[in-house]
Protein chains: 2
Amino acid sequence: MKTPMTQRAKHLPSDERRAEAVEAVVELAASANPEEITTSAIAARMKLTQGALFRHFPTKDAIWQGVMEWVSERLLARIDRLAGAESDPLAALKAMFLGHVDFIAEHPGVPRMMVGQLQNTGETPAKRMARALVENYANRLRRILSAARAEGVLPPDLDIDAAAALFLGMIQGLVMQHLIHGDSARMRADAPRVFAIYRAGLVAGATAVEGRT
Amino acid sequence: MKTPMTQRAKHLPSDERRAEAVEAVVELAASANPEEITTSAIAARMKLTQGALFRHFPTKDAIWQGVMEWVSERLLARIDRLAGAESDPLAALKAMFLGHVDFIAEHPGVPRMMVGQLQNTGETPAKRMARALVENYANRLRRILSAARAEGVLPPDLDIDAAAALFLGMIQGLVMQHLIHGDSARMRADAPRVFAIYRAGLVAGATAVEGRT
DNA sequence: GATAAAAGTGAGTGATCACTTCTATTCATG
DNA sequence: CATGAATAGAAGTGATCACTCACTTTTATC
């Protein structure tokens with residue numbers, strides 16, 4: 001009678017193992033503080049020993065860098081696809097926003113990891129990657145907002161940078177609520193309501209309100 | 001000639017040492033990832049040995065709890081004072097917002113610590129404290145927003161919860177920009193511009209915009 | 001099917017962490 | 001000014017971390 005030994009892991013090419021590791025991290029971050037995601041935990045989820053992990057990544061930060069690339073590619077591809085499908089710029093913004101919220105609901109670890117990276121003090125490649133994602137995202141927002149202003153859909157005095165910052169803030173605000181309540185259905189439900197106020201602020205224009213207060 | 005030995009720390013009552021420790025953490029968080037703030041680092045900044053720290057706190061999380069109380073008291077007191085000084089609800093909101101941004105500019109470690117606590121998985125007293133702060137803050141926002149709606153300053157169909165969430169999101173968005181650029185002067189400058197869009201969104205009302213898009 | 005490269009194992013390594021313990025110093029109180 | 005309690009210092013402790021290494025197993029290639 002053989003003892004049911006823990007099976008030895010199958011040999012896989014390094015590319016595939018790296019992809020596995022990145023996905024393991026994304027999944028782990030859904031329920032764990034990113035700082036607590038140890039190389040042992042990653043390896044365990046991959047059903048690998050910890051040492052084997054370092055055959056495919058030179059350092060732990062290289063894993064994080066891979067994760068940030070994963071997030072970047074997926075998120076930007078999604079919002080580009082959604083925004084591209086809309087002709088009206090405001091509809092494109094809304095589609096981007098709701099798509100982003102969906103992405104977070106599908107991968108709840110993502111904002112946690114992003115914040116975790118941005119919090120880091122050193123200048124690691126992973127942090128650079130995270131910052132680049134935010135920059136790329138903001139550029140896309142500014143492009144759409146500028147186009148909308150040029151089309152006359154948004155008022156000529158609209159503060160593009162402030163509008164882009166507020167868009168990102170909306171996401172952050174929903175993420176924080178999500179962190180506190182842990183309810184992604186609620187986040188999805190809140191998203192359109194928050195966006196409605198944002199859109200109203202965009203179309204109203206600054207001068208229209210200055211006189212009011 | 002005496003060697004300049006490191007001076008022995010003065011004996012202080014536990015209350016004062018605890019206050020010192022909390023302030024040391026707040027200062028350290030201004031330039032360090034909260035996860036990297038070790039008890040040794042705290043003690044070093046207090047010019048104390050690490051062991052001495054545990055004479056005044058039973059555990060490290062107790063220190064964090066003290067820090068979160070410090071933040072709670074200071075921040076809520078400030079926004080209450082600022083909001084109370086305004087008769088117009090919209091002016092009160094703006095004063096709260098700019099006061100909050102000032103608070104963050106004065107204590108850049110605060111949002112980092114808050115996020116760090118909310119990221120934690122376990123149910124520590126410090127995390128409860130952080131969550132309580134957010135709840136209290138949101139309650140104050142809802143109260144002011146409701147009052148404004150009742151006064152007719154804001155439209156009757158305004159979504160109070162969404163407006164409160166967006167307010168918190170504005171702060172988060174500025175914090176993220178601050179994390180990325182590390183420029184608190186810029187954050188202070190951006191704050192009123194972002195708030196202008198927010199205010200426009202509030203006063204416009206939902207129905208006024210539905211038809212536009 | 002021999003062989004070498006690639007991938008996995010398992011047992012380390014040193015560094016660092018929160019926390020403890022024992023001793024030394026300070027300080028308030030009589 | 002003696003004394004005891006409070007506080008600080010110094011040197012631990014065990015746990016955990018990222019990372020290494022010698023060795024074994026698998027896999028691709030001729």
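It should be emphasised that the depicted structure is a prediction, and the values quoted were computed from it without experimental measurement. Below, chains carry the letters A, B, ... as their sequence lines are ordered, and counting in each starts from 1.
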Are Arg18(A) and Glu69(A) ion-paired here, with the side-chain N under 4.0 Å from a carboxylate O? no

Does the plane of the ring in Phe167(A) sit parallel, tilted or perpendicular to the ring in Phe195(A)? Use 30° and 60° as the thresholds. perpendicular

Looking only at dT9(C), dG9(D), dT26(C), the nucleotide nearest the His11(B) side chain is dT26(C)

Ion pair present between Arg78(B) and Glu73(B), side-chain N to carboxylate O less than 4.0 angstrom? no

The residue, Lys47(A) or Ala9(B), whose nearest nucleotide of DNA chain C is more 5′ is Lys47(A)

Starting from C1' on dA18(C), measure out to CH2 on Trp64(B) and report it in whole angstrom. 14 Å

What is the separation between atom CG on Asn33(A) and atom P on dC17(D), rounded to the nearest whole Å? 13 Å

Let me know, please, whether Gly51(B) or Pro13(B) comes out on the 5' side of the other along DNA chain D by nearest nucleotide. Pro13(B)

Whether Arg17(A) side chain and Leu12(A) backbone form a donor-acceptor pair below 3.5 Å: no

Rounded to whole angstrom units, what separation is found between the CZ atom of Arg17(A) and the C1' atom of dT9(C)? 13 Å

Which one, dT25(D), dC19(D), dC19(C), comes nearest to the side chain of Arg8(A)? dT25(D)

State which of dG9(D), dC19(D), dC19(C) makes the closest approach to the side chain of Thr59(A). dC19(D)

Leu53(B) CG - dC19(C) C1' separation (whole Å): 11 Å

Rounding to an integer number of Å, can you tell me how far Gln7(A) CD sits from dA7(C) P? 20 Å

Would you mind telling me which residue lines up with the more 5' stretch of DNA chain C, Asp61(B) or Lys10(B), judged by nearest nucleotide? Asp61(B)

Between dG10(C) atom P and Phe54(A) atom CZ, what is the distance in whole Å? 17 Å

To the nearest angstrom, the CD-P distance between Glu36(B) and dC17(C) comes to 10 Å

How is Thr38(B) classified with respect to the nucleic acid when contacts are heavy atoms under 4.0 Å: base, sugar-phosphate, or nothing? sugar-phosphate

Under 3.5 Å donor-acceptor pair, His56(B) side-chain atoms to dT7(D) base atoms: no

OP1 or OP2 of dA18(C) under 4.0 Å from side-chain N/O of Thr39(B): yes

Please answer whether the main-chain N or O of Gln177(A) pairs with a side-chain N or O of His181(A) as donor and acceptor at a distance below 3.5 Å. yes

Is there a donor on the side chain of Arg55(A) or the base of dG8(C) sitting less than 3.5 Å from an acceptor on the other? yes

Give the rounded distance in Å between these two atoms: CD1 of Ile37(B) and P of dA18(C). 11 Å

